[in-house]
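Taking it in order: structure first as structure tokens, then the write-up.
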Amino acid sequence: MIIAANLKTNLTREKTAKYIKEVEHFLNQHNISQEVFVFPAVSNLMSSTSKVVVGTQNAYPAVNGAFTGEIGYEQLEEFGIKTILIGHSERRHVIGETQESLITKFDFYKNLGFKIIYCVGEPLNVREMGHKAMMEYISKQYEGIDTTYENLIIAYEPVWAIGSGLTPTLEDIEMVHKDLKIKSAAPLLYGGSVKVSNITEFLALDNVDGVLVGSAALYAEHFCTMCEHAQNLKK
């Protein structure tokens with residue numbers, strides 16, 4: 001099982017350091033063997049610990065250069081960061097990243113050997129058009145992406161479920177994950193209003209290899225509980 005926390009634009013650097021320290025202590029204390037990732041705000045990036053892999057939520061596809069407001073490989077290398085989140089719905093729908101720009105970013109960090117968590121998902125209006133239309137929409141997000149890349153993890157996040165408290169039915173999630181597994185053998189995470197009360201249900205589904213957690217992971221104790229649930233389910 002893979003458990004990942006996307007902290008988005010939350011917490012200070014001091015609070016993030018404390019968060020990661022608490023999570024690492026919990027994982028060690030409880031012998032948690034899951035893969036655990038934490039994606040802090042860019043200003044809070046720091047070196048990974050032995051138990052917690054720190055990744056970046058975003059980066060520009062360049063070593064460095066005249067890219068105001070961006071962070072490049074040179075800055076990530078300073079902290080030994082080799083994991084990146086690409087294609088999150090907020091990057092697509094709020095920031096306006098195109099599929100072409102995501103392909104460029106994917107290829108750049110793939111060539112550097114990064115572990116990439118690549119996000120796909122559909123908005124509500126597409127979901128309401130039916131399963132076939134939804135899968136056609138998601139399939140376009142796979143175009144130009146090397147789905148056989150050995151360090152690839154894919155995260156399916158229905159856009160309308162992120163931070164809304166709404167979730168697809170377990171049957172719907174299982175159906176989508178079954179179809180997406182045909183597109184790539186990479187580990188496949190579910191994201192979208194994942195929380196302590198429902199994580200076990202999600203992780204028990206076929207073809208769900210872990211979760212990408214947003215707002216529910218902002219409290220270290222909640223995220224630790226999720227890691228423990230994943231460990232217990234594994235047993």
Nearest heavy atoms of Ile117 and Ala155, plus distance in Å: CG2-CB, 4.0 Å
Would you compute the distance between atom OG1 of Thr16 and atom CG of Asn44 and round it to the nearest 0.5 angstrom? 3.5 Å
Is a donor from one side chain sitting under 3.5 angstrom from an acceptor on the other, for Lys105 and Asn58? yes
Rounded distance [0.5 Å steps], CD in Glu128 versus CH2 in Trp160: 9.0 Å
List in chain and number order the residues that pass side-chain hydrogen bond (donor to acceptor under 3.5 Å, both in side chains) with Asn64, two or more places apart in sequence or in another chain; answer none if no residue qualifies. Glu74
From CA spacing to verdict: side-chain contact (heavy atoms from CB on, under 4.5 Å), Leu205, Glu201: CA-CA 7 Å; Leu205 296 174; Glu201 292 180 324; over 6 Å; no
pair Phe202-Ile173: side-chain heavy atoms closer than 4.5 Å: yes
Please report the closest heavy-atom contact between Leu152 and Phe106, naming both atoms and the distance. CD1-CE1, 3.9 Å
Do Pro40 and Leu45 have side chains that approach each other closer than 4.5 Å (heavy atoms only, starting at C-beta)? yes
I want to check something: taking the side chain as every heavy atom from C-beta on, are Ile153 and Leu189 in contact at a cut-off of under 4.5 Å? yes
The reported gap from CD1 in Ile138 to NZ in Lys140 (rounded to nearest 0.5 angstrom) is 12.0 Å
Within one Ile-Leu-Val-Met-Phe-Trp-Tyr cluster: Val211 and Ile32, side-chain cutoff 4.5 Å: yes
Set of residues satisfying side-chain hydrogen bond (donor to acceptor under 3.5 Å, both in side chains) with respect to Thr148, sequence neighbours excluded: Asp146
Using a 4.5 Å cut-off on heavy atoms from C-beta on, say whether the side chain of Asn6 contacts that of Leu85. yes
Going from CD1 on Ile81 to OG on Ser47, what distance comes out if it is rounded to the nearest 0.5 angstrom? 7.0 Å
Is any side-chain heavy atom of Asn10 less than 4.5 Å from a side-chain heavy atom of Tyr19? no
What residues form a side-chain hydrogen bond (donor to acceptor under 3.5 Å, both in side chains) with Thr200, not counting sequence neighbours? none
Correct closest heavy-atom pair for Leu7 and Val38 would be CD1-CG1, 3.8 Å
If you group Ile, Leu, Val, Met, Phe, Trp and Tyr by side-chain heavy-atom gaps below 4.5 Å, do Ile103 and Tyr73 land in one group? yes
Return each pair, listed once, that meets ring-ring contact (aromatic ring centres under 6.0 Å, His included) where at least one residue sits in residues 45-64; pairs must be two or more places apart or across chains. Tyr60-Phe67
Quick check: are there more than 12 heavy atoms from other residues, nucleotides or ligands sitting under 6.0 Å from NE2 of His25? no
Are side-chain heavy atoms of Phe223 and Leu218 found at a separation under 4.5 Å? no
So Tyr156 and His177, would you call those rings parallel, tilted or perpendicular, with 30° and 60° as cut-offs? perpendicular
Do side-chain atoms of Gln231 reach the backbone of Ser33 as a donor and acceptor pair under 3.5 angstrom? yes
Go through the structure and list residues passing side-chain contact (heavy atoms from CB on, under 4.5 Å) with Glu24, not counting sequence neighbours. Asn28, Thr49, Ser50, Lys51, Val52
Quick check against the 3.5 Å criterion: does Ser193 have a side-chain atom that pairs as donor or acceptor with the backbone of Ala161? yes
Residues forming a side-chain contact (heavy atoms from CB on, under 4.5 Å) with Thr169, sequence neighbours excluded: Glu171, Asp172
Nearest heavy-atom approach of Val196 to Ile199 is O-CG2, 3.6 Å
Can you list every pair that meets side chain to side chain donor-acceptor pair (under 3.5 Å) and has a residue in residues 79-92, with sequence neighbours left out? Lys8-Glu90, His88-Glu157, Arg91-Glu97, Arg92-Gln99, Arg92-Tyr118
Pairwise side chain to side chain donor-acceptor pair (under 3.5 Å) hits with a residue in residues 203-214, at least two apart: Lys181-Asp209
Show the atom names and distances, to 0.1 Å, of all donor-acceptor pairs under 3.5 Å that link a side chain in residues 129-137 to residues at least two apart or in another chain.
| unit_1 | atom_1 | unit_2 | atom_2 | d |
| --- | --- | --- | --- | --- |
| His131 | NE2 | Asp179 | OD2 | 2.6 |

Residues in side-chain contact (heavy atoms from CB on, under 4.5 Å) contact with Ala17, at least two apart in sequence or another chain: Met46
Heavy atoms of Tyr149 and Phe114 approach each other most closely as OH-O, 2.5 Å
If every non-hydrogen atom of Lys183 is compared with every non-hydrogen atom of Ser139, which pair is closest and at what distance? NZ-OG, 2.7 Å
Please collect all ring-ring contact (aromatic ring centres under 6.0 Å, His included) contacts where either partner lies in residues 31-59, sequence neighbours excluded, each pair once. none
Listed by chain and number, what are the side-chain hydrogen bond (donor to acceptor under 3.5 Å, both in side chains) partners of Thr12, not counting sequence neighbours? none
